[in-house]
Number of protein chains: 2
Amino acid sequence: MDLVANFVRRYELDSLISPDLLEALTPLRRMPGEFIIGSGEPVRSLFFLVEGRAKAYRVLENGQSILAAFFGPLDVLGEVELFSSPRYALSVVALEESVCLALPVEAVKKAAERNSRLFMYLCARLGEKLDDRNLAESINLRYPVENRLASYLLASMDGEGSILGTDDLGELADFIGASYRQLGRVVRRFRGEGILEKARGRIRVLDRAKLAPYARDLYLGTECRIRPEAFGP
Amino acid sequence: MDLVANFVRRYELDSLISPDLLEALTPLRRMPGEFIIGSGEPVRSLFFLVEGRAKAYRVLENGQSILAAFFGPLDVLGEVELFSSPRYALSVVALEESVCLALPVEAVKKAAERNSRLFMYLCARLGEKLDDRNLAESINLRYPVENRLASYLLASMDGEGSILGTDDLGELADFIGASYRQLGRVVRRFRGEGILEKARGRIRVLDRAKLAPYARDLYLGTECRIRPEAFGP
DNA sequence: GATGCTATAGGACATATGTCGTATCCGAAG
DNA sequence: CTTCGGATACGACATATGTCCTATAGCATC
């Protein structure tokens, strides 16, 4: 059985993509920690994340990195730069073992007339992402680190409390836009409340219920809500 | 001479929009302070801002409002919600006397097949906006109020130093995500440096050159860089 | 002009966060 | 087992920002 065809059927991608374009879909497997997209690389493909989870982040000139988004199936990656930039702005790295279907950008542009639904879908998801960023930015500007940390943890923990993204405190500090020191203070407080445990710079969530009240919906709404079927015939 | 046709020619909108859709374009004039889009209203039109300037902002549940973006010709308004939401997320208000060309959304959706260039353009501008927000968010998270204020002022002042958006300190505080008190402190400092003057809760820029170093490129890159011609035949 | 109301500016203090430096812990090498 | 080097944790202090409260200016009414 064909892997690509299987995913296409599962997510009804054929309602978005014309048959000739469907043939150009190439599967791409990534293990946790591996790059799906590297910031600065030339934009060659549009990706559909069909399995696994991933996160996108930006690296600033001073070396700090900032978390931008989490992704899960079904979502699109690389559509931000598709028509607006020759190079990827953000890096995307797999959190779990993931599968993407890659579509060459030239093929997409060439077959534009036959794929108006795909473009509507892209516009839809872009609009959604923009709105999410806007809201998250507003909240980030208003809430202290403890809320941002709680949100990150809830968004990236698995069932056992392990952190799928990074549980490294230094990296985490960069991600949520705080100093290592401040993050350490919050972690210590959370640890005191029995919310999480820490060992050698890594953390694990012990009590999800106690963590939730701190999270303020920061990342809760950032998963993809747009459904391909909505653009079907 | 036809107003709409004039703008269409000036910005080569006919390279994006099919003739039948062009006929559906309706001009819309707004004076400073008037709404172009109201948050929460049903999404009925896609707007092309062809003259004047405008700003978009979000109102949070607690009543605070947060500045999201500035717009000038040529730009698109309402494309964020076009396919992703039945209601406008942000409010857009004119800063100067402005003219928009409105396109009914049903017409856009119906004529999708014939307007792939328009959709590429929308994707391009959406990608650009998303990238801008991402960057701005990163910077906002890292820089203090004095930098955010300086950026706002530079982005919204006219040649004489008057503020086109709002020069009301209370509103301004909401916009840049600071408390009234903190904004007052920064204003006092800037006044001491001869950068601006204040009278009865309103401010005016006196020395643009002294203000610039504080601004850190926060809003500098947010204007539209996508050109319609780039999608021409 | 006196009285009083409302808005604005700014003081005082608490909190959040950042920077710097040191004590401490851990693993590796001997 | 001991010692060294680097990583980690955290105290001490500075800064940024928020909250609350009050003095006073500006304005309106009498």
Side-chain angles (χ1 to χ4, degrees), chain A residues 60-67 137-153 163 166-204 213-216 218, chain B residues 60-67 137-153 163 166-204 213-216 218:
Chain A
L60 300 178
E61 316 72 33
N62 57 25
Q64 292 178 314
S65 53
I66 309 232
L67 178 65
E137 180 185 356
S138 307
I139 297 176
N140 264 334
L141 225 48
R142 299 301 219 265
Y143 291 97
V145 169
E146 60 173 23
N147 299 308
R148 308 210 290 271
L149 173 63
S151 300
Y152 176 90
L153 294 178
I163 310 304
T166 183
D167 56 359
D168 175 82
L169 281 192
E171 209 180 319
L172 209 45
D174 283 341
F175 275 156
I176 65 177
S179 67
Y180 181 89
R181 187 65 190 86
Q182 182 64 9
L183 182 59
R185 278 190 272 252
V186 175
V187 167
R188 178 210 256 276
R189 191 142 32 89
F190 279 2
R191 203 170 29 158
E193 296 180 39
I195 294 176
L196 48 81
E197 65 179 8
K198 183 176 61 162
R200 295 207 46 63
R202 335 225 119 224
I203 56 179
R204 222 174 70 83
Y214 287 101
R216 316 275 189 147
L218 245 178
Chain B
L60 299 178
E61 316 71 33
N62 57 23
Q64 293 179 313
S65 52
I66 311 233
L67 178 65
E137 181 184 358
S138 308
I139 297 177
N140 264 335
L141 226 48
R142 299 298 215 268
Y143 292 96
V145 169
E146 59 173 24
N147 300 307
R148 308 211 290 271
L149 173 62
S151 299
Y152 176 89
L153 294 178
I163 310 305
T166 183
D167 56 358
D168 176 83
L169 281 191
E171 209 180 319
L172 209 44
D174 284 340
F175 275 155
I176 65 177
S179 67
Y180 182 87
R181 187 66 191 86
Q182 183 64 9
L183 182 59
R185 279 191 272 253
V186 175
V187 167
R188 178 213 258 277
R189 191 141 33 87
F190 279 2
R191 205 171 27 159
E193 296 180 39
I195 293 176
L196 48 79
E197 64 177 8
K198 182 175 62 161
R200 296 209 43 67
R202 332 223 122 225
I203 56 179
R204 222 173 69 84
Y214 287 100
R216 314 274 189 149
L218 245 179

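Proteins come first, then strands; the chains are lettered A, B, ... in the order of their sequence lines, and each starts at number 1. Keep in mind the model is a prediction, meaning the values are calculated, not measured.
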With sequence neighbours left out, what residues match Ser65(B) under side chain to side chain donor-acceptor pair (under 3.5 Å)?
none

Close approaches to DNA chain D from residues 178-190 of chain A, in residue order (heavy atom, under 4.0 Å)
Tyr180(A), Arg181(A), Arg185(A), Arg188(A)

Sequence neighbours excluded - salt bridge (charged side-chain N to carboxylate O under 4.0 Å, His left out) pairs with any residue from residues 166-183 of chain B
Asp167(B)-Arg202(B), Asp168(B)-Arg202(B)

For Arg191(A), check side chain to side chain donor-acceptor pair (under 3.5 Å) against everything at least two apart and list the hits.
none

Shortest non-hydrogen contact between Leu169(B) and Leu183(B), atoms and distance
O-CD2, 3.2 Å

Outermost nucleotides of DNA chain D that come under 4.0 Å of a non-hydrogen atom of chain A:
dT8(D) to dA12(D)

Residues passing the side chain to side chain donor-acceptor pair (under 3.5 Å) test with Arg185(A), sequence neighbours excluded, are Gln182(A)

Arg202(B) near the nucleic acid: base, sugar-phosphate alone, or nothing, with a heavy-atom cut-off under 4.0 Å?
nothing

Under 4.0 Å between a side-chain N/O of Lys198(B) and OP1 or OP2 of dA9(C), yes or no?
yes

With DNA chain D as reference, determine whether Asp168(A) or Leu141(A) sits nearer its 5' end, using the nearest nucleotide of each.
Asp168(A)

Suppose we screen for side chain to side chain contact (heavy atoms under 4.5 Å, CB included). Which residues come up paired with Ile66(A), at least two apart in sequence or across chains?
Leu60(A), Ser138(B), Arg142(B)

Please state how far atom CG in Leu172(B) lies from atom P in dA9(C), giving the value in whole angstrom units.
13 Å

Those residues at least two apart in sequence (or on a different chain) that pass side chain to side chain contact (heavy atoms under 4.5 Å, CB included) with Arg204(B) are Glu160(B), Ser162(B), Glu197(B), Leu206(B)

4.5 Å side-chain heavy-atom contact, Ile195(B) and Tyr214(B):
yes

